Amino acid sequence: MGKRKAYSDEFKREAVLLSNRSGVTQKQISKELGITPGTLARWRNEYAEYGDRAFSGQGNPRDEEIASLKRELARVKKERDFLKEAAAFFAKES
């Protein structure tokens, strides 16, 4: 199997914008750009869902949000554990 072709963010945005405003069908646009209609449809869906944040890199913007939430959860757990230890320490002192 061949390697997947990578397209720039600008190319994807331009393809989506072209398909949104022209009177030409998506099939014709995808043929002219050398991509499959399914690829153009997927790009359109991603752009509709995420707007300007779409096509931010190798992952989905949703993946970035999940990673951010995981980091925040780890930080909150550390704070919680520290407070538990501090409460136990001060309970012994009393």
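Here the structure is a predicted model, which means the values were calculated and not measured.
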Donor-acceptor pairs under 3.5 angstrom involving side-chain atoms of residues 28-35: please list them, not counting sequence neighbours.
from	atom 1	to	atom 2	distance (Å)
Q28	OE1	T25	N	3.3
Q28	OE1	T25	OG1	3.4
S30	OG	Q26	O	3.1
S30	OG	K27	O	2.9

Does any part of the side chain of V16, heavy atoms only, come nearer than 4.5 Å to the side chain of E46, both counted from C-beta?
no

Could you pull out every donor-acceptor pair under 3.5 Å between side chains of residues 73-82 and any protein atom, sequence neighbours left out?
from	atom 1	to	atom 2	distance (Å)
R75	NH1	E79	OE2	2.8

Can you give me the closest heavy-atom contact between K12 and Y7, atom names plus distance?
CE-O, 3.6 Å

Rounded to the nearest 0.5 Å, the OH atom of Y47 sits from the CG atom of L17 at a distance of 5.0 Å

Roughly how far, to the nearest 0.5 Å, is the CG atom of D9 from the CH2 atom of W43?
10.0 Å

Main-chain N/O of F55 paired with R13 side-chain donor or acceptor, under 3.5 Å
no

